[in-house]
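Down below is the structure, laid out as structure tokens.
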Amino acid sequence: MLANTLKVLQRYGYLFVDGVQYTLLLSLITVFFGSMLGSLLSLMRMNRLAPVRFIATAYVEIIRGTPVLLQLYFFYFMVPELLPFLGDKFLSICVALVCNSAAYVSEIVRAGIQAVDRGQSEAARSLGMNGSQAMLRIILPQAIKNILPALCNEFVMVIKETSLASTFFIGDIMTQYRVISGALYLVIEPLLVAGVIYFALTFTLSKGIARLERRLKAGD
Amino acid sequence: MTEANNPQPTHTPLIQVENLHKGFGKLQVLRGITEHVHAGEVISIIGPSGSGKSTFLRCLNLLEKPDNGKVIFEGVEITAPGVDINVHRQRMGMVFQLFNIFPHLTVLQNITMAPTLVKKKPKADMERAAIELLDRVGLADKRGEHPGRLSGGQKQRLAIVRALAMEPDVMLFDEPTSALDPEMVGEVLEVIKTLVRAGMTSVIVTHEMGFAREVSNRVLFMDEGVIAEQGTPQQVFGSPQNPRTQEFLSKVLY
């Protein structure tokens with residue numbers, strides 16, 4: 001088994017390097033745009049107008065209530081129909097993952113904002129600040145301390161979720177596993193290598209988040 | 001409004017409250033309050049918990065939206081639809097029971113944030129003014145610190161000057177000493193005392209009866225959502241007429 005593992009690394013190590021790049025790229029895109037869309041959704045969920053709140057809430061509930069794999073299939077076939085100019089399966093998968101992640105991020109942002117004491121907003125408003133001034137200058141800077149670590153955790157989750165995208169052979173770590181496994185007629189060894197890579201990525205990130213969290217706490 | 005347009009400036013109330021009603025769900029907290037606050041007055045509101053004192057105060061700057069009735073501040077009905085309340089809140093300072101200091105800003109920034117943001121005051125001018133204010137309440141040496149290091153009493157003194165930095169025409173105090181350790185109550189009351197003696201119109205919800213008696217021109221006793229009795233401190237504390245007032249005072253003045 002050791003010999004086989006070495007063989008995987010020697011012959012196809014470069015494929016895993018590619019895979020890591022795709023996985024990280026996909027995760028970064030997902031979290032970045034997911035955060036933006038998610039923040040927008042969370043603001044919509046706190047909007048004065050009931051229809052706006054309803055749309056955002058319905059979206060979040062539907063995304064959270066259906067499997068990611070189903071959403072991937074859905075967007076994989078829907079995006080080319082609706083937006084033919086995108087015409088790239090990598091982009092379709094990105095759209096799917098962004099739409100999925102946004103729903104979770106919106107919950108993170110909402111929880112982070114709601115965890116800020118009500119009195120903060122009342123104090124800001126009593127000084128004559130309008131709603132957006134209070135939100136931007138008083139509430140969000142405090143909410144960010146709750147949001148940031150949770151957002152990094154979402155990044156860890158997304159790294160693992162991108163493995164589902166290998167269903168569509170988009171070049172991530174699991175896609176490379178499937179390629180190598182097919183070429184060498186080996187299953188366990190390339191799987192082990194892929195597992196170690198995923199673990200190394202997520203474990204390092206988690207440790208980094210824990211440090212970040214401690215520093216943010218110390219800042220209070 | 002200039003005094004020339006206003007023949008009787010001292011007789012026009014700063015705040016007029018008319019038939020104010022407010023409920024939370026099935027609970028009627030305010031059941032019709034009509035009251036005037038004149039410029040220069042210092043009004044204390046006393047009464048048992050749940051009598052609607054704080055809700056009444058919070059209706060004055062619309063932190064609570066009344067279900068019914070009017071609040072007229074400096075001649076403008078601020079409860080009317082379409083009124084930009086932010087403009088009027090700038091002239092009503094509020095001090096909260098739990099201080100509500102902004103923890104992510106320094107002591108100085110806590111004061112300068114609203115005037116620079118809302119009134120577009122130049123930052124340098126505002127910082128000078130803020131240091132002067134801090135000096136008045138003995139916090140000038142804390143200006144660069146984050147409020148996490150301040151004691152409750154210091155936080156409340158900061159909250160008071162934060163409100164004053166907006167140069168309000170009236171100050172609303174919502175139980176300003178109720179969350180303080182006993183040894184810090186005095187320092188905060190002292191600041192409020194200095195302020196009202198300098199002529200700041202104030203409405204103070206308080207449980208500090210001795211303080212209310214000392215600084216107010218007028219005391220309102222609230223019970224079950226109405227003003228059950230009111231008068232000078234001598235009248236209300238010395239010879240209360242309403243049996244509810246008598247009962248309440250006999251419980252708190254032992």
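This is a predicted model, so every value here is computed, not measured. Residue numbers start from 1 in every chain, and the chains themselves are labelled A, B, ... in the order their sequence lines are given, proteins ahead of strands.
- For OH of A/Tyr22, the number of neighbouring non-hydrogen atoms (other residues, nucleotides, ligands) closer than 6.0 Å is 12 at most.
- When each of B/Leu105, B/Leu172, B/Ile101 is checked for heavy-atom pairs under 4.5 Å with chain A, B/Ile101 comes out on top.
- For A/Gln176, there are no side chain to side chain donor-acceptor pair (under 3.5 Å) partners at least two apart in sequence or on another chain.
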Under 3.5 Å, which donor-acceptor pairs link chain A to chain B? Give each pair on its own line with the distance.
residue: A/Gly119; atom: O; partner: B/Asn100; partner atom: ND2; Å: 3.2
residue: A/Gln120; atom: NE2; partner: B/Ile101; partner atom: O; Å: 2.8
residue: A/Glu122; atom: OE1; partner: B/Arg58; partner atom: NH1; Å: 2.9
residue: A/Glu122; atom: OE2; partner: B/Arg58; partner atom: NH2; Å: 2.7
residue: A/Arg125; atom: NH2; partner: B/Asn86; partner atom: OD1; Å: 3.2
residue: A/Arg137; atom: O; partner: B/His104; partner atom: NE2; Å: 2.9
residue: A/Gln142; atom: NE2; partner: B/His104; partner atom: ND1; Å: 3.4

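- Contact annotation for B/Leu63: only side-chain heavy atoms (C-beta onward) come within less than 4.5 Å of a heavy atom of chain A.
- For B/Met184, the CE atom counts as densely surrounded, since its 6.0 Å shell holds more than 12 non-hydrogen atoms of other residues, nucleotides or ligands.
- No part of B/Leu62 comes within reach of chain A, as not one of its non-hydrogen atoms sits under 4.5 angstrom from that chain.
- Scanning all heavy atoms of the two residues, the minimum distance from B/Ala114 to A/Leu127 falls at CB-CB, 3.7 Å.
- Between chain A and the options B/Leu117, B/Val95, B/Val87, B/Leu98, the largest number of non-hydrogen pairs under 4.5 Å is found for B/Leu117.
- The parts of A/Ala124 that come within reach of chain B are both its backbone and its side chain, each placing non-hydrogen atoms under 4.5 angstrom from that chain.
- Within a 6.0 Å radius of CZ in A/Phe203, no more than 12 heavy atoms belonging to other residues, nucleotides or ligands are found.
- At a 4.5 Å heavy-atom cutoff, the contact between B/Met92 and chain A is made by backbone atoms alone.
- B/Phe102 touches chain A through backbone and side chain together, each having a heavy atom under 4.5 Å away.
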